[in-house]
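Inspection log for the structure reproduced underneath, given as structure tokens.
Note that this is a predicted model, so its numbers are computed, not measured. Below, chain A is the first sequence line, B the second, and so on; all start at residue 1.
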There are 2 protein chains.
Amino acid sequence: MTATLADVAARARVSPATVSRVLNGNYPVAAATRERVLRAVDELDYVLNGPASSLAAATSDLVGILVNDIADPFFGIMASAAQSEIGGGPGAREKLAVVCNTGGSPERELTYLTLLQRQRAAAVILTGGALEDPDHAAAVAAKLGRLAEAGARIVLCGRPPLAAPAQGPVAATLTFDNRGGSRRLTEHLLALGHRRIGYVAGPEERTTTRHRVEGHLAALADAGVPPGPLVHGSYDRRSGYDAANELLRLDPSLTAVVAANDTVALGACAALRDRGLSIPDDVSVAGFDDLPFSTDAAPALTTVRLPLHEAGARAGRLAMGKEQLPPGGIATFHGELMVRGSTGGTRA
Amino acid sequence: MTATLADVAARARVSPATVSRVLNGNYPVAAATRERVLRAVDELDYVLNGPASSLAAATSDLVGILVNDIADPFFGIMASAAQSEIGGGPGAREKLAVVCNTGGSPERELTYLTLLQRQRAAAVILTGGALEDPDHAAAVAAKLGRLAEAGARIVLCGRPPLAAPAQGPVAATLTFDNRGGSRRLTEHLLALGHRRIGYVAGPEERTTTRHRVEGHLAALADAGVPPGPLVHGSYDRRSGYDAANELLRLDPSLTAVVAANDTVALGACAALRDRGLSIPDDVSVAGFDDLPFSTDAAPALTTVRLPLHEAGARAGRLAMGKEQLPPGGIATFHGELMVRGSTGGTRA
DNA sequence: CTGTTAGCGCGTTCAA
DNA sequence: TTGAACGCGCTAACAG
């Protein structure tokens, strides 16, 4: 049926070992022999048997990229950038960069890690915020340890470092300064004169959520302004819509709403518009991430730009061992405040 | 080191074959024995060796989902839906659904197909429009034939059927009625009184591009209205921005612009706004796909809604063999015209 | 229902 | 520089 390495060897009149050597290019092979082998490969339309190869070599060319929501460009952009550094290169052995969608479910996260371990993945990139549940964190840390033992390189991207003891197996951590970005965003609102600011937070028990809330509260505390109402929700538009209505119910005098991310912010905007409120004249709205569509909203969204592409690309290179991180293995990416039309001064 | 099946067998005092049987659950095993084995698995923290398993069984639990652009929610939504039908959930026979980002590059598409063939993938889902280059189409068809021979189930999602002889290995095809949707969209514009309509087409040589253009031209032809200017571009915002400017240069009297998709349409809107034109008073704009953010644009985008989630989920089920398609193996999904604020009547 | 026996196709020693 | 032989860890017959 399908051609095997032995078939190629027979056709090229060499031993299977020699074929293996030219295919892997790690051993010296005479130019003439190599030529003959490659021709045979071509003529037989031979494709290496991955499982057999992985079994013998005890490693595979699979690189897993875990994302919380593949339909969200926040993850799509990072994954795309990472993947282009992994699968793209015309270099030696191609790696198969694959993205695994956990949907934010802890069980699925663990399932995927197990499946990647089962496949003897060469590397694993975990993107986005982590769940803060201690049990789950421990389970993930254990799995990562197991993966690293088996030779997988572990990279965290857009995710905070693991707790000290668990950080061991992690080769590199690229983290976003969510706290700082959030703080600057709220400072911007305060500078505009806002004193009653509502907050639409992301899902509870997530590092990203907590850090962004902390930055917000820190800015308020520094200014001596009491926090406004806060509600939690998921990272979708609908959640932002509902949350904005809830915030206004809790405090009808709000003059600004800060959202967990841009998608949520757009949902909040829709809710405000549906109530006949004008943005930013009646209420200012701000998001986070600066996804491509944020600038097309009505009005354009004030937000914090995260270097998603850069972080993803770097994570890809780290996973391939094409780049080393400075001592400590942790790099922090900062966000940039993008002031646009959705925030403005309070009414006189 | 890592525990193997033999270790588990020894600990459970059974043969390796028995362990294999309880793990795969395809064979009758006494409840007591199964219990003992599962305990041993747990105690040893045993994880099946995927490559070894795939080698012996001549198939793997990998399911590949090829997308043109993972950062585009059009693909993210389909991939997410497909993936949720395939893997990650609770259950014994887990499949590993992985998405592969071709970036629209023909070479990478073939590379990924080869890598999936190498891994002995259980199924492959190809999403989105295909390149129309005959050489590439033939190469893809050949690869798919090879994959199918090796036991992979092939599903096309949001992609037209292959040419008759090549359709053989394809288990199922879910296609979008791009032509019909596009035609209805243009009919809507014509009904509003537009007679000079510019068109921002997608990348050349792509089926999606051609079908949408054909539907547009068909509507015009039926109405006896001559086609306006048409320019090609990629599926990003920038491309829409530049294209809109170019269209207005070609014909300053345009009253409407139809774009290849929503992202491009938003870019076009930005260009029009930057020229001081009002939407839809001066120029109407329409998109395609109805991605989630389209409703938040200013004004909200008139577009054609495609059942991306439904198509993706169905593709996932077909890939798993959980569902059969009616004779012919082809199902067509139709788009729904969504009329919103970005299109309006021409000025009197 | 369970154990025994062969490979699956390749990488990698060791010699030559 | 090349070949021969072994084993990676598991599944799939075939017995029993």
Length of the line joining [X]:[atom1] and [N]:[atom2], which is rounded to integer Å:
X        : N      : atom1 : atom2 : answer
A/Arg120 : C/dG11 : CZ    : C1'   : 16 Å
B/Gln119 : C/dC10 : CD    : P     : 13 Å
A/Leu5   : C/dC10 : CG    : P     : 4 Å
B/Asn49  : C/dC8  : CG    : P     : 18 Å
A/Tyr27  : C/dC10 : OH    : P     : 17 Å
A/Asp61  : C/dC10 : CG    : P     : 14 Å
A/Glu35  : D/dT1  : CD    : C1'   : 17 Å
A/Asn26  : D/dT1  : CG    : P     : 15 Å

Which one, [options], comes nearest to the side chain of [X]?
X       : options               : answer
A/Ala56 : D/dG7, D/dT11, C/dT13 : D/dG7
B/Ser15 : C/dG9, C/dG3, C/dT12  : C/dG3
A/Tyr46 : C/dC1, C/dG9, C/dT13  : C/dG9
A/Thr4  : C/dC10, D/dA4, D/dT11 : C/dC10
A/Leu55 : D/dA4, D/dT11, C/dG9  : C/dG9
A/Ala30 : C/dT13, C/dT2, D/dT1  : D/dT1
A/Leu48 : C/dC10, C/dT4, D/dT11 : C/dC10

Which is true for [X] with a 4.0 Å heavy-atom rule: it touches a base, it touches only sugar-phosphate, or it touches nothing?
X       : answer
A/Val29 : sugar-phosphate
A/Val19 : nothing
A/Ser54 : nothing

Worksheet item: Only one of A/Leu66, A/Ile86, A/Leu156 forms a side chain to side chain contact (heavy atoms under 4.5 Å, CB included) with A/Ile125, so which one is it?
Response: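 Running side chain to side chain contact (heavy atoms under 4.5 Å, CB included) over A/Leu66, A/Ile86, A/Leu156 with A/Ile125 returns exactly one hit, A/Ile86.
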
Worksheet item: Given B/Arg21, which of B/Val29, B/Val37, B/Val14 fulfils the side chain to side chain contact (heavy atoms under 4.5 Å, CB included) condition?
Response: B/Val29

[N] phosphate, OP1 or OP2: any side-chain N/O from [X] under 4.0 angstrom?
X       : N      : answer
A/Thr18 : D/dT1  : no
A/Ser53 : C/dG11 : yes
B/Ser20 : D/dA12 : no
A/Asn24 : C/dG11 : yes

Practice prompt. Using the closest heavy atom to pick a nucleotide of DNA chain C for each, name whichever of B/Ala57 or B/Ala31 lands nearer the 5' end.
Written response: B/Ala31

Item to complete: Please test A/Arg159 against A/Glu109 for salt bridge (charged side-chain N to carboxylate O under 4.0 Å, His left out), starting from the C-alpha separation and ending with a verdict.
Response: CA-CA 14 Å; A/Arg159 199 180 183 101; A/Glu109 179 165 88; 3.4 Å; yes

Worksheet entry | Sole candidate of A/Lys95, A/Arg314, A/Lys322 that passes salt bridge (Lys or Arg N to Asp or Glu O under 4.0 Å) when paired with A/Glu85 |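 When salt bridge (Lys or Arg N to Asp or Glu O under 4.0 Å) is applied between A/Glu85 and each of A/Lys95, A/Arg314, A/Lys322, only A/Lys322 qualifies.
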
Fill in: Gap between atom CD of B/Gln117 and atom OG1 of A/Thr2 - 0.5 Å precision
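A/Thr2 OG1 to B/Gln117 CD: 7.5 Å, rounded to 0.5 Å.
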
Item to complete: State whether the distance check finds a donor on one side and an acceptor on the other, under 3.5 Å, for side chain B/Arg21 versus base C/dG3.
Response: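 Such a pair exists between side chain and base.
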
Item to complete: Give the minimum heavy-atom separation between A/Ile154 and A/Pro169, together with the two atoms involved.
Response: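 Taking A/Ile154 first and A/Pro169 second, the nearest heavy atoms are CG1-O, 3.6 Å.
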
